[in-house]
Amino acid sequence: MTGDIVFWVLAALAVAAGVAVFSVNSMARATYALAISFVAVGLTLLLFDLQFLGVITVLMMVMEMAIMAIYMIMFMGMNPALMPMSMKHGKGAAMTIAVGTFLVLAAGALFVPWPARRGTPAPDLTVALGEAIMESKMLVMMTVSPVLFATIVAALVLAAPSGRYDRLGDDLRRRSAPARQPEGADR
Amino acid sequence: MRPLALLPEICLLVGAVVTLLAGSFLPRERQWVARLITVAALLAAGVSAAVALGGPPRTAMMTTFAVDTGTGILRLVVVAATLLVIGLGVDELAGTKRESETYTLLLLGALGALVMGGTIDLLVLIVGFLLGSIPLYGLIGMVRTPQAAEGVLKTYLLGALFGIVLMLGVTVLYGIGGATAYADLTVGLAGAPAAAVAFGLLGVLAGLLFKAGGVPGHFWVPDATQSAGTTAAAFLTTVPKVGALLAAHRLMTIVPGSVDWPLLVAVLAAVTMTLGNLAAFAQTDVRRLLGWSTVSQVGYLLLPVAVAGGTTAALASLLVYLGGYAVTNLTAFAVVAAVPGRRSVEDYAGLAASSPWLGAALVVSLLSLVGTPPTAVFLGKLSVFTAAWDGGLAWLVVVAAVNTVASLFYYLRWLAPAFRREEPTEPARRPAPYATAAAVLGGIGVLTLGLLVAGIAPMLGTVLVAP
Amino acid sequence: MLSLIVFLPLGAAAVLAVLPAIPDRAARWTWVAVALADLALVGVVLAGYESPAEGGLAYEERLRWIPSVGSSYHVGVDGLSLPLVALTAVVFLACAVYALREDRRPRVQAALFLFLQSVCLGVFVAQDLILFFLFFDLSIVGMYFVIAGWGHGNAARSALKFFLYTFLGSLALLLGFIGLYLAAEPHTFDIPELVAAAPLADNPGVGGLVLAAILLGLAIKTPTVPFHTWLPPAHTDAPAIGSAVLAAVLLKLGTYGFVRIAMPALPDAWQAWAWVLITIGVVSVVYGALVALAQTDVKRMIAYTSVNHMGYVVLGVGAAGLVGSAAAREVAVTGAVTQMVSHGLITGALFLLAGVLQERAGTYEMAEYGGLAEPAPRYAALFAVAAFASLGLPAFTGFIAEFQIFAGSIGTTAAAALALPGILITAALFLRALQRLLTGPPQGRAVGFADVGVREGLPIGGLLALALLFGIIPWPLLDLITPGAETVVDLVSR
Amino acid sequence: MTLQTVLLVAAALFSVGLYGAISQQVVVMVMMGLELMLNGVVLAAVGFWWFLSPAPEGQVLVLVVITAMTVEMAMGFAVATLLHRSRNADMTDMAADLSR
Amino acid sequence: MTGATGSSDLGVALLWVVVGLPAVVGAVLCLAGRRADRPAPAAAVVTASLALVAAIAVAVLRPETAVPFLPGADFGLAVDALSAIVVPTVVAVTLLVLLSSAAEIDDRPARFSGLMLLFAAAVGVTATATTLPALLFAWEVMGATSFALIGYWWREPDRVSAGTDAFLTTRAADLGLYLAAGAALAGGGSLVLADLPAVAAPWRDVVAAGVLVAGLGKAAQLPFSFWLSRAMQGPSPVSALLHSAAMVAMGGYLLLRTSELLASTGWAATTAAWVGALTALALGAVAVAQRDLKQLLAASTAAQLGYVVLAAGVAGVSGGVAHLVAHASTKALLFLAAGAWLTALGTKQLPALRGAARRGPLVGGTAAVGTLALAGVPPLSLWATKDEVLAVAREQSVALYVVGLAAAAVSAAYAGKVLWVVWRALPADAESGYDTEEEGTRRVHRLQKAPLVVLAAGAAVLGLLVWPPVGEALRQALGEAGASRPGVLELVVSAVLAVAVVLAVARWPLPEPGWAARWLGLGAATEVVAVRPVLRLAEALARFDDRVLDRAVDAAAGLVPRGAGAAARADDRVLDRAVDASAPGTVRTARLTAEIDDVGFDGAVRGVAAGARRLGALARRSQTGQLHHYYVQAAVVLAAALALLLVVTR
């Protein structure tokens, strides 16, 4: 019963925060709202005995939102707290599609004759997760590592305007970086 | 576990790491060492894949990865395609600031395609999707032009959306199927509610269609192809498709009969090929034209996917087409890479006269894309049409044939100026040597595949017997 | 042996194509030499040819090719294909000699035509649908480059139209082939096996659709009304030798497909659809002749007479599907095959003659000429002979063919008599053309028109001489064709 | 707290996120919409895991989704940076040269 | 090689000489061109002489031969009683005409002689053919050589188009033989002429109809007669051979040959008889109205051939062949005479020829023999042969006899007209009428005179063919021993009639009604009924072809609007020019058709094209470049796909 109440509160919070993301008038607030929504879902995970995953979700998302805030200020040079905004397009279509999607999903959730539960959760979920990662689903985690590797490389390639040869010279012997070159035509 | 069964994949991964590391310490003009490392890694992967080819079908890493003929040929195609991409890209990349990074990303993207195509577990499929997508973003944005930025933006945002849809689909399938491994899912989905199966299937399929560049996930293809560097464009229109389509085929084999998925795939195939062809009609930029052309090709490639369960020939035909398409498409891009100054169709005026070899390669590749014998795609089209007809989709075959005729129109629009006698307005620059070599090599490959497929035919026979 | 015949020109073409250092003169003579050698090889085959047993093949060769789809490299000849193989070799040799005067990229041209020769020969010897289709489609590609590269006028557009239209046909053909393949049990693309199996015999619906696809493909290539509209522009804008090859050999690929594939492999559907073919044949004959009559452009006129002449062939093979006297139907099919050879020789010559007009004076408009017999008596004589041969005058092969087609098809169905006016209209249009071009006082561009020289006269005269030879002594040709025609009629009557 | 309710909440989150992804012009805001959609997916995955098939794969799935979220976010920042640098734009509307 | 009758090898060889030698020599002369001009006339005459010797020999030896030609139908040649008479006659006339022409034709004589010899060879084959393919072979070659010979003076367009008319008209009739071949194959499978009467019932009628049409066409019977008028544009020797002894006669000859077939159907023979009789009468009237000597002779030829056709219809083969041969000699004589006057005086108009006979008694005298024979004046040949035919006709129908007799009177009238004109006193201003058609030489070459004598002799005595003993033998050979013969009364009546009419013509001028002078308007009728509609149809179809069929393809393919537009404009220009060049009426019709095309077919076609183009644009319109549009579209497509999956369940 308590679980139910907690769930409903968290659910309401998650959805409300989600709605808030696109209704508040500054990007900073939107970021906070998104973080709240994630935290709410992360806490919901705890209701299902998924302490590990719940904590991870909360931690990662809070970190991510922090990064997002920093990113906006540092890289894009805007003060999110001060910039009021209403930058939307095609609200009508977006709303139609969103509502339609919700109706379809909700109808599916309500009317699909979900099968009965098979099996029970492992006694120690975290151990079970660990075993799955290390045994039956090892390939998943093995593949995640090149994904992260690729992400680092690709993100750097995209984000960094100048590479090592700009900083250190074509033979990598220079010690100081030269002035930045204009963008766009450097290859 | 059998990690050694994944030797080709491991070769690529190790190659990517070593390439990046080596590249970090190489002077700008000596990055060819990194290129050599990449090529070596690819060759090692290719050799190990070829060695593994004859073996019996089995799974690796528990039940998450299939090592069968499909994977075997996928590996060969991906490795060969990536080698060809590197070959045609040497002129463009050599000595640039991010040459070694490009090779790293190419290797990782190829690895992603392999993982996607080879996996028989939905979880690995998600990760494979990411591994296939992320290097692409980096590759598209590599040239850092405003256009490329736009291209990468669209690719990324579409990729993110379809990734989410893919994960949603996986979630639903897992929920009702109780597992993520295909072998277990086949059992689990058998009695599952059809609507939920349909939803989950659609989600996963949508994600794969984004990778393949089919409707509705095709929007990024022409933009990215047009804006990215030639090397990246060649890669992104070839390698990810190969993996995604094989993955789609594998996916279809687990869906229970309660869902009329063949019809869905057939309709999507018809829409994809028609849209791609219609949109390609009026293109003047050859890259964009090729981008749309690859969209239409995906439509044809979806034919065997649509009959994945209906006929045993589906997989064989898909593989034949994939191989043929990869070589053909890369040959066309090699020609584009060889004459980087020529952007529009009209720019190609007099190409055949100034460089007959390139002209020949262009003819071979475009006619192959059309599906004229004795080229590789003709064989692909033949087997694909046959399989689709055999699987009960004769109407789709007719649609595909009509589309083929329509496609001829824009391919010829490119070919015709190339063979026009025209006095060059400016002194013609010498075509890029490596790309030219790649084009000629590709052209020979197209013809060889088209004519001498007998060599690999026995292998396809085993595909027929043991799907 | 057949492989050698087919691939000898291809090999020469490859050599010519990759060696840009070959001087033009050497390239031209190489072409002639290779064509001559190929013709000699065909002669050897002809000399050693004995009609195989019912349904059999001579000079058969079969190699593994694509076993997974039941396709093999299977070639062989019989009475239906050997005459066309010989025709191809002859026509290409004539073109090679005619082109000795060519000065626009002769090396590439020689390579292209040798390539075309290979693929045309390939179609006629192929005994496997995929092999057939391979050569069939390549002939389109080759001809596209011939028209686009050496044509005049609106060549690019005509070439594109030619390619698009005939490619549509070839795809329809491919669909039909796939249908045949899937219907045969076990699946195969091998023509003799398909013929023996006669798949779809018990499935008239699918059989009809498959036949419709094949017919569409072949009808476009042939071409018959209403799929002929690619032909006039293609001919008008093609170079002389291109037109000659197109009319003399390429059109036969379509009609040959009827007797080689459609009739024996789909006998039931053929019988059910025979009336459609007869209708198409009759309409093509009359329509082609009438439209040709209204032309003012010599080459367009000849092009439309091709529609007319191919209509006779369709009429003949269509009649073979009806219930009627077997003798009459054999005569009709023999006539149809004879017509293929005959049309090749005669129309080839006519197009070369038309090419002379273009070379000398730059136009095909009949109104621009008059009284050519005065300045160019040899040209006039050749033209007159060719025209009479084409209108079916006895002593030329055209008569042999048309007489047999008419006797045979009227002997099968009286409806075929509706095509008889075609003979008359053809006569009218050729006589009008002769009158306008050759007779009267010399005027317009006829003034100062140089007469044909040896290098033009030899190929044209040679083709006409063959038409005359087999028109007067037809039995060597007919002895070759008749067993094949008998086999086809037997097969289609199953 | 039933499967239906969990799925309804997940659907709500997903739909709100979709609305944002479509309606927002600023790239970063579009990314937030996508994140919100993923949030819904995570919730749905947990719901399915708990109520239908509590196998370890479900947990791995959630882990993979979260990883994907992070990775996509990182790439998103990189792309947004590139866009900002090369076009001085931060809205998707401002990057619409490639069309037709 | 040889037939079952055991004919000698020598005979067969000679038969091949008769048909082969002229063919080979003719072909060589044609091909040799100007180099052979000098020896050509002599070579031709020698060839014809050799052929004549051989022809006489084969007439005696009666060889029979066949060589393989088409499967199931050999190229069969045989000399039987009928051809034994006709072949030597034709070869003889050929020889004489060649002799005559050696003096007359000085423009490229090699080609002329070559064509004449080729023609003679074709006639030889026609006369001896035993199978339909062989017959049709020669039949069509005759037509083609006649085209070349009529249009021999090709610099004058009028003459060439006369040849065209002749060829086309006769070829139209020839279609009957193609039809007959098909029907024979359907009805029995044998293409041997002798087997035709045995063809199964419904097909036999078709065979008979086909043969009948072919025969009537070549014989210039109604309604095909007009081509003969146009054919007079050819040189006189050509007329002498083709339009008296050979080609026209072959039409009648074919019907004589197949009279058994005609009779077996029940209706074909009657039709032939009546067409023949009516042609004799009507074309006789046409001849009466002519003022041009050659035109008169041409009409007379058709009329006289009418008797032959009549004979074929009533199965009076012996009389028919006798009339054929006698007429050949007579008419060749008259044509050569007309040709002699034409070369000498430069005119063939009767008014201008007044008294021409008095300028040269030999030409005049032989011409008189010819005209009198033509008139049916006893004892000259045609008097007896004609009555022989009429006697058989009377057996079957008195009406036929009466019409035939009336026709005889008419023939006496036109013959008399010629006779009196040329034998009137030479007027003082005769020269003023000369040289209207060509430059006359004022002299007649002796090579032109000699044949006249021979032919006049023939015209006089060939009546022997019906009198005993020759006649008896002939009837015997043709199996008509019991056929009815003209009685004395009939002979006297026709003789009196002929003499009376000839004398009357001398006294009273003949009427020259316009309808007859214009050849019954047959030519004009053909122009209106057949030629113009066909041309108009052709133009309309050509326009249809370009405008609709072709544009349909353009539209489907031509998604590049510029190219299609340019082509369409070019089409219009070319077509309009083509149409403007033709008759204005045609233009109007064609335009009307085109308008219908435009509104109907072409509109639809354009609609399709525009639709395809719109689709192309639509396909690209989805690619807006706006990311949120892509999102929306992707969502919509996925929703539709989901709906599809949910709605269509298995």
Side-chain angles (χ1 to χ4, degrees), chain A residues 97 101 104-119 129 131-174 181-187, chain B residues 1 3 6 12-13 16-17 20 24-29 60-65 95-98 101-102 104-105 108-109 111-112 115 119 121 123-124 126-128 130-131 134-139 141-146 149 152 172 175-176 178 180-181 188 191-193 195-196 199 229:
Chain A
I97 286 178
T101 307
V104 169
L105 293 176
L110 294 177
F111 298 121
V112 167
W114 300 108
R117 187 178 191 186
R118 17 185 158 194
L129 175 62
E131 281 173 352
I133 289 174
M134 292 316 294
E135 281 181 16
S136 64
K137 303 299 170 195
M138 187 174 168
L139 186 60
V140 177
M141 287 305 140
M142 280 172 64
T143 317
V144 166
S145 58
V147 169
L148 296 175
F149 178 53
T151 309
I152 295 168
V153 175
L156 277 177
V157 161
L158 291 184
S162 52
R164 55 188 177 279
Y165 299 115
D166 297 314
R167 281 180 281 110
L168 305 174
D170 284 350
D171 52 1
L172 300 178
R173 301 228 172 109
R174 197 162 54 208
Q181 292 172 351
E183 274 290 324
D186 59 336
R187 32 160 305 206
Chain B
M1 278 291 180
L6 296 183
L12 293 188
L13 180 58
V17 174
L20 188 72
S24 308
F25 298 100
L26 284 170
R28 181 162 168 169
E29 297 305 329
M61 307 307 291
M62 306 303 277
T63 55
T64 50
F65 197 86
T96 57
K97 288 194 295 187
R98 302 195 189 269
E101 282 95 328
T102 305
T104 307
L105 290 176
L108 289 171
L111 179 61
V115 171
T119 186
D121 192 297
L123 292 173
V124 184
I126 297 177
V127 188
L130 292 174
L131 185 53
I134 287 165
L136 278 195
Y137 308 147
L139 285 170
M142 193 75 78
V143 291
R144 305 189 73 83
T145 59
V152 70
V172 173
I176 53 172
T180 54
F199 187 87

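Lettering of chains follows the sequences in order, A, B, ..., and the numbering in each one begins at 1.
Within the 4.5 angstrom heavy-atom criterion, no atom of L136(B) approaches chain A. Only the side chain of F199(B) comes within contact range of chain A, with at least one heavy atom under 4.5 Å from a heavy atom of that chain. With a 4.5 Å cut-off on non-hydrogen atoms, T64(B) touches chain A through its backbone and its side chain both. For chain A, the nearby parts of V124(B) are the backbone and the side chain; heavy atoms of each come within less than 4.5 Å. Contact annotation for L108(B): only side-chain heavy atoms (C-beta onward) come within less than 4.5 Å of a heavy atom of chain A. L105(B) touches chain A through its side chain: at least one heavy atom from C-beta onward sits under 4.5 Å away, while N, CA, C and O do not. Heavy atoms of A181(B) lying under 4.5 Å from chain A belong to its backbone as well as its side chain.
Not counting sequence neighbours, D171(A) has no partner by the salt bridge (charged side-chain N to carboxylate O under 4.0 Å, His left out) test.
In this structure, D170(A) CG and E29(B) CD are separated by 6.0 Å, a value rounded to the nearest 0.5 Å. To the nearest 0.5 Å, the span separating OG1 on T143(A) from CG on L111(B) amounts to 7.5 Å. Note that the CG atom of L158(A) and the CG atom of L139(B) stand 9.0 Å from one another [nearest 0.5 Å].
Looking at every heavy atom in both residues, P113(A) comes nearest to P193(B) through O-CG, 3.6 Å. Nearest heavy atom pair, residue R164(A) against residue E101(B), reads NH1-OE2, 2.8 Å. Here the shortest heavy-atom pairing between A196(B) and W114(A) reads CB-CZ3, 4.1 Å.
Listed options L26(B), L130(B), V152(B), T119(B) were ranked by heavy-atom pairs under 4.5 angstrom with chain A; first place goes to L26(B). Among the candidates V140(A), L105(A), V112(A), the residue making the largest number of heavy-atom pairs closer than 4.5 Å to chain B is V140(A).
The closest donor-acceptor contact from the side chain of R144(B) to the backbone of V157(A) lies under 3.5 Å.
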Using residues 145-156 of chain A as the side-chain source, report each donor-acceptor pair under 3.5 Å to any protein atom, sequence neighbours left out, with the distance given to one decimal.
unit_1: S145(A); atom_1: OG; unit_2: M142(A); atom_2: O; d: 2.7
unit_1: T151(A); atom_1: OG1; unit_2: V147(A); atom_2: O; d: 2.6

